[in-house]
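This report concerns only the one structure given below.
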Amino acid sequence: MTTVSPTPPPVPRAPATPAVSWLASSPTRVPPPEAPEAPPVRRGPLAVALLLGAGLDAYVFARHGAKPGVLLLLGLGLGFTLFHSRFGFTSAWRQLIAVGNGAGLRAHTLLLGTTATLFALIIGTGSGLFGSEPAPSAGRLGIGLLVGAFVFAIGMQLGGACASGTLFAVGSGQTSIVLTLGGFILGSTLAAWQFDVWKDLPAFDPVVLSDHVGWFGSWGITLLALAGIYALTRVIQRRRTPPPTGAVPTTRGVARRALRGSWPLAAGAVVLAVLGAAVLLVSGGPWGVTSAFALWGSELVGALGGHPENWSFWQQQGNAEMLAGPVLADKNSLTDIGIMVGAAVAASLGGTWALHRGVPWRTGVAAVLGGVLMGIGARLAGGCNIGAYLAGIASGSLSGWLWGATALLGTWAGLRLRPFFGLANPKPSDGVC
């Protein structure tokens, strides 16, 4: 007789650890809030913005030609995209430093990586329209860059917006940011007036990766660095579990959302990269913002009886031609004006355009002071979050990386100054940041 041994009970297995997807949303303290429905279209402001944009572009095409007219159109697209995606630099750095929410900075990496890819194709092949010759954006590495980026970042946190953010916020009717823009123009003009004070600060020559490893190598190194930053922000966010970012009004349906609702940050990043690359393709230079503010302020000084043409800043190569030429033929002035009008169109379609009244006095002081600091900082650093940070990194320039790292330190300092002006910072216990 054969004895059958009993079957041993199965050994329980430990539950499998779910795989971490680097493409999934990073955890937040509470689920993201539902986006409210967009208000009705503001027909009056929309009609004014459309007429202004169409009339201005028709004038520029007729008076100055196709190239300036196309640049103004690209500015309109940039403003439309910036508003609908609420694509910001100031809030992204504030949320990362204050509570560890890296969603905004991860959107930066997508914008930077896509722009770097397009820049490599355009500059690497020498492609240009209207006879332009595309060139990378590269700044000198020195005291001016470091001090300027640090001061600019403090100004962002006090003024409530960066360079591009100031323009699209003004276009959407935010009164306090109009004060920031006024301070921005004032600071830029003061820095141009006092150019002799800071022009000879110690600095090394620009370092551009493509000069050493070619455009393909530069592109590859840039993408690897951006991938590292993307991964690091996810690690930080998983450890700190911050509040989610706030939801903005939107609507349903792809077409309706494209015109009236909020766009995902990723969509905004890709569209901004394409439009920014188009600026390079059309003009030969990357998208920039702040040199126009120095021009506008200096033109005002001239109109009031001053002589900015005698300032050393406007006697530099390229600057003299800018001051002598019409504002509506200046590349950055065209895209800046376009951003404001394009944002007005987008805000009116989204039903949120409004003139905000009753700015608290401390907020007003912070707005003007922040603008002045950004104007000065941008001139010292050779650019802002667009011309120095975005264009610099996308061009494979070491100056762009140094600008970004120093701006993070300036953001930390700016967050500590905000409470003195009655400005709140995100806190871990908040429902949204």
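Hydrogens, waters and symmetry mates are skipped; everything else that's a heavy atom, side chains included, is used. Predicted model only: the values in this text are computed from it and were never measured.
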Completion exercise
So CG of Leu71 and CH2 of Trp287: to nearest 0.5 Å the spacing works out to 13.0 Å
Exercise for the section: Evaluate the criterion side-chain contact (heavy atoms from CB on, under 4.5 Å) for residue pair Asn385 and Leu390; output intermediate values, then yes/no. Expected result: CA-CA 6 Å; Asn385 56 294; Leu390 171 59; over 6 Å; no
Exercise for the section: Begin with the C-alpha distance, continue with both residues' side-chain angles, and end with the deciding distance and a verdict on side-chain contact (heavy atoms from CB on, under 4.5 Å) for Val207 and Leu141. Expected result: CA-CA 8 Å; Val207 175; Leu141 312 176; 3.6 Å; yes
Handout entry: Donor on one side chain, acceptor on other, Thr290 and Arg379, under 3.5 Å
Key = yes
Handout entry: Polar side chain donor-acceptor pair, Thr233 to Arg106, under 3.5 angstrom
Key = yes
Handout entry: Between Glu37 and Thr251: side-chain donor-acceptor atoms closer than 3.5 Å
Key = yes
Problem - Ser333 versus Trp296, side-chain donor and acceptor atoms under 3.5 Å - result: yes
Handout entry: Any donor-acceptor N/O pair, Arg239 side chain to Val235 backbone, under 3.5 Å
Key = no
Exercise for the section: May I ask you to check if Arg418 and Phe420 form a cation-pi contact, with NZ or CZ under 6.0 angstrom from the six-membered ring centre and within 45° of the axis? Expected result: no
Completion exercise
Shortest non-hydrogen pair, Pro249 vs Thr352, comes out as CG-CG2, 4.3 Å
Problem - For Lys427 against Val99, the heavy-atom pair lying closest together - result: C-CG1, 3.5 Å
Practice task
Write down the atom of Ala388, the atom of Trp403, and the distance for their closest heavy-atom approach.
Solution key: CB-CD1, 3.5 Å
Handout entry: Gln237 side chain to Pro27 backbone, donor-acceptor under 3.5 Å
Key = yes
Problem - Atom of Ala394, atom of Thr115 and distance for their closest heavy-atom approach - result: CB-CG2, 3.5 Å
Exercise for the section: Kindly check if the number of other-residue, nucleotide or ligand heavy atoms within 6.0 Å of CH2 (Trp412) is above 12? Expected result: no
Handout entry: Evaluation steps, side-chain contact (heavy atoms from CB on, under 4.5 Å), between His108 and Phe89
Key = CA-CA 8 Å; His108 289 191; Phe89 295 82; 3.3 Å; yes
Practice task
Would you confirm whether Ser132, through its side chain, and Gly128, through its main-chain N or O, come within 3.5 Å as a donor-acceptor pair?
Solution key: no
Exercise for the section: Measure from the ring center of Tyr389 to the ring center of Trp93 and say whether it is less than 6.0 Å. Expected result: yes
Problem - Ser395-Ser397 side chain donor-acceptor pair, cut-off 3.5 Å - result: no
